[in-house]
> 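Provided herewith is a single structure, encoded as structure tokens, for subsequent inquiry.
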Amino acid sequence: MPPLLLLPSHCPAATHQPPTSARRRASLAALPCPRAGASPAPEALLPRGLRAESLPRHVAVVMDGNARWARARGLPSSVGHEAGRRALEEMARLSGAWGIRALTAFAFSNENWSRPKVEVDFLMGLFEQVIHDSVADFLREGIRLRVIGDLSRLPVSLQKISREAEEATRNNSLLDLTLAISYSGRREIVQACRKLAEKVQSKALRAEDIDEELFADELATGRASGGSPYPDLLIRTSGELRLSNFLLWQSAYSELFFTDTLWPDFGEADYLDALSSFQSRDRRFGERKF
Amino acid sequence: MNQSPPHMSQPSVIINLTLGLLWFIVHLAINIFSLWSRLIYNIESYLISIGLFPKYRKFQLERLKYLAIVVDSREAKNVAKIEQLLCWLSTIGVKYVCLYDIDGVLNKTFEPTMNGSRDVDSGNSHDVGANIKALICCRSEMTVEYISGSDGKEGIAKAANLLCSTYFNGDRDARGNDEIVFTEADMSGALKAIGCGGPEPDLLLVYGPARCHLGFPAWRLRYTEIMHMGPLNSMKYGAIVKAFYNFSKKYQNFGK
């Protein structure tokens, strides 16, 4: 049943947004790719309605819906994942152009290892190909790549290409792109605990000194996202309304934006909707540090 | 030399007036649209609450074993609204609700006036821990747990503290230089030991201006459905029923 009408984002019943095809699309000029290390885009490059001073500094995205997108078209899931790759590339380009400093994308969860081997092998190959093919673009566009997650489970070749890409792009500063592969929020918390225990073992720290700040420093994202490990905006596509073990610690104050759009269809207009929704929210967190 | 004062030509005045009128019309249209959507929302909530829609009367609540409510701390001071919310939830048939606000307003407000006893057995059965750091009371067959920000990130840091202390106070000679290995079960056990255990909610309703979970205990949020309900002052019984109905239709594959 179609919705009665299009609800504005401030209406509480608008728990999530309907697909883009049901809404007006903004007409936008193509945005140029900024030079590597350039300062954030001036206001003139932002689409109408967005204010540079209230854009999120760090955006996280759960890229959900590739397989459903492919099934809806009678195509194999591999086609959906390829289309999802293009959507991520576009989102990274837009993020850099609009001055967003960090983008963290949930590409593969710990639970995804239970999927059919054929699909898992395809995805590992796709990640390797994407990272390998994108390094030159990252260098040109000033993107710093980081990969977080349980990397020990990844194929050796993917581990190697990830390390090389991280090393090659480590001095870029326009956009921090973090790919969460084989990632689990709970595992990240346990790993942080283990690292603190190692510091206690080496007498660098006392157990009783462990607090929130020290704990946060040991999380993988603490090092991966430059100066803003906590996403201001967390987007999940395909209509699901949960975190699915993604950035459990870091998302305490993240604005959650859920949309019915499937990930391969998530484009510039959808991204603008998410950013506009973020800007329209009354985010009053007072003096509390997080 | 005197210059004649600048003046606007008639066409530019007309253009400015036209643009101003268009601006006013656009804003008026947006405001009307906003009012209309609020009206529709209120009407729908009312119709749901009087049971006009059969589907909202007949859905099954078995999947909703644990419900969590996050309330903005400023709005959590509205005791009457919280009481009303709990009453509605009890009426709908919710068996376990965890109430959270980051500053602990709910803890301070409801602990002194809590009816019923600190139910140790109930606490143990729900993994809240023997020390019952979270307050539990039984309200007409509904268990209510009150937690705050200190049960969230601070709780995880304390659990890490406990894990490290326990590990290094154990038999060091036997461990030698073994690599330190902690598991998720270890962390769950540590959280339970310090009274920050508790079940993972199936559904979390957020009341407040911002659509975020405000630091709800991260360890318990893995697969929780999260729905933003708007300000607590505007809460509607019909909106809660609709949220539960939508939840009952959800399917989770847990990543598989």
Side-chain angles (χ1 to χ4, degrees), chain A residues 4-8 10-15 109-115 184-187 189-194 196-198 200-201 207-216 234 240-245 248-258 277 281-286 288 290, chain B residues 30 33-34 36-38 40-41 44-45 72 74 102-103 149 152-154 156-165 167-168 180-184 186-187 190 206 209-216 218-219 221-231 234 239 242-243 246 250 252 254-256:
Chain A
L4 284 173
L5 75 166
L6 301 175
L7 300 175
H10 67 267
C11 181
T15 320
S109 72
N110 230 16
E111 290 75 17
N112 289 155
W113 287 108
S114 304
R115 289 199 172 181
S184 155
R186 272 198 175 185
R187 183 185 177 276
I189 289 171
V190 171
Q191 288 299 102
C193 195
R194 183 185 62 78
L196 286 167
E198 286 173 354
V200 172
Q201 188 176 50
E208 54 266 32
D209 292 336
I210 296 173
D211 60 11
E212 282 181 51
E213 201 173 325
L214 282 176
F215 199 95
L234 191 151
E240 306 302 337
L241 309 178
R242 51 188 180 267
L243 299 177
S244 292
N245 214 357
L248 300 178
W249 175 285
Q250 298 86 341
S251 62
Y253 278 86
S254 303
E255 183 77 13
L256 303 173
F257 183 84
F258 299 121
S277 175
R281 290 286 174 186
D282 181 8
R283 293 173 61 79
R284 298 174 288 127
F285 297 134
R288 171 164 284 274
F290 56 90
Chain B
I30 291 172
F33 183 76
S34 174
W36 175 252
S37 67
R38 278 190 223 266
I40 293 290
Y41 171 72
E44 186 188 28
S45 295
D72 183 274
R74 279 171 287 252
I102 195 164
D103 289 335
K153 291 185 177 182
E154 196 179 315
I156 289 178
K158 285 180 185 169
N161 185 323
L162 176 64
L163 273 178
C164 291
S165 303
Y167 184 88
F168 292 109
I180 298 170
V181 176
F182 291 143
T183 63
E184 289 186 25
D186 292 330
M187 177 55 81
V206 178
R211 193 163 50 195
C212 62
H213 63 76
L214 297 176
F216 187 89
W219 198 256
L221 264 183
R222 262 189 316 177
Y223 302 116
T224 304
E225 296 283 320
I226 302 171
M227 297 187 187
H228 181 232
M229 305 298 286
S234 321
K242 186 176 179 182
N246 289 337
K250 280 285 177 186
Q252 277 220 36
F254 299 100
K256 298 182 179 63

> How close do B/Trp219 and A/Arg186 get, counting heavy atoms only, and between which atoms?
O-NH2, 2.7 Å
> How many angstroms lie between atom NZ of B/Lys153 and atom CD of A/Glu213, to the nearest 0.5 angstrom?
11.0 Å
> Out of curiosity, B/Glu225 CD to A/Ser244 OG, how far, rounded to the nearest 0.5 Å?
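Separation between the atoms: 8.0 Å.
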> Grab the two heavy atoms, one from A/Ile210 and one from B/Cys164, that are nearest each other, plus how far apart they are.
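Smallest heavy-atom distance, with atoms named: CD1-SG, 3.8 Å.
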> On a heavy-atom basis, which atom in B/Ala218 and which in A/Ile189 lie closest, and how many Å separate them?
CB-CD1, 4.4 Å
> Select one option (side chain, backbone, both, neither) describing which atoms of A/Ser184 are under 4.5 Å from chain B's heavy atoms.
side chain
> I'd like to know whether A/Arg242 forms a side-chain contact (heavy atoms from CB on, under 4.5 Å) with B/Thr224, so could you lay out the CA-CA distance, the side-chain angles of the two residues, the decisive distance to 0.1 Å, and finally the verdict.
CA-CA 6 Å; A/Arg242 51 188 180 267; B/Thr224 304; 5.9 Å; no
> Starting from the C-alpha separation in whole Å, work towards a yes-or-no answer on side-chain contact (heavy atoms from CB on, under 4.5 Å) for B/Val181 and A/Arg194.
CA-CA 7 Å; B/Val181 176; A/Arg194 183 185 62 78; 5.8 Å; no
> Which distance, rounded to the nearest 0.5 Å, do you find between the CG of A/Leu256 and the NE2 of B/His228?
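A/Leu256 atom CG to B/His228 atom NE2 measures 9.5 Å (nearest 0.5 Å).
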> Report which part of A/Gln191 has an atom under 4.5 Å of a heavy atom belonging to chain B: side chain, backbone, both, or neither.
neither
> Can you measure from CG (A/Asp211) to NZ (B/Lys158) and round to the nearest 0.5 angstrom?
11.5 Å
> Which answer fits B/Thr183, side chain, backbone, both or neither, if we ask what part of it has an atom under 4.5 Å from a heavy atom of chain A?
backbone
> Select one option (side chain, backbone, both, neither) describing which atoms of B/Leu163 are under 4.5 Å from chain A's heavy atoms.
side chain
> Before giving the answer on side-chain contact (heavy atoms from CB on, under 4.5 Å), spell out for B/Asp186 and A/Val190 the whole-Å C-alpha distance, their side-chain angles and the decisive distance to 0.1 Å.
CA-CA 9 Å; B/Asp186 292 330; A/Val190 171; over 6 Å; no
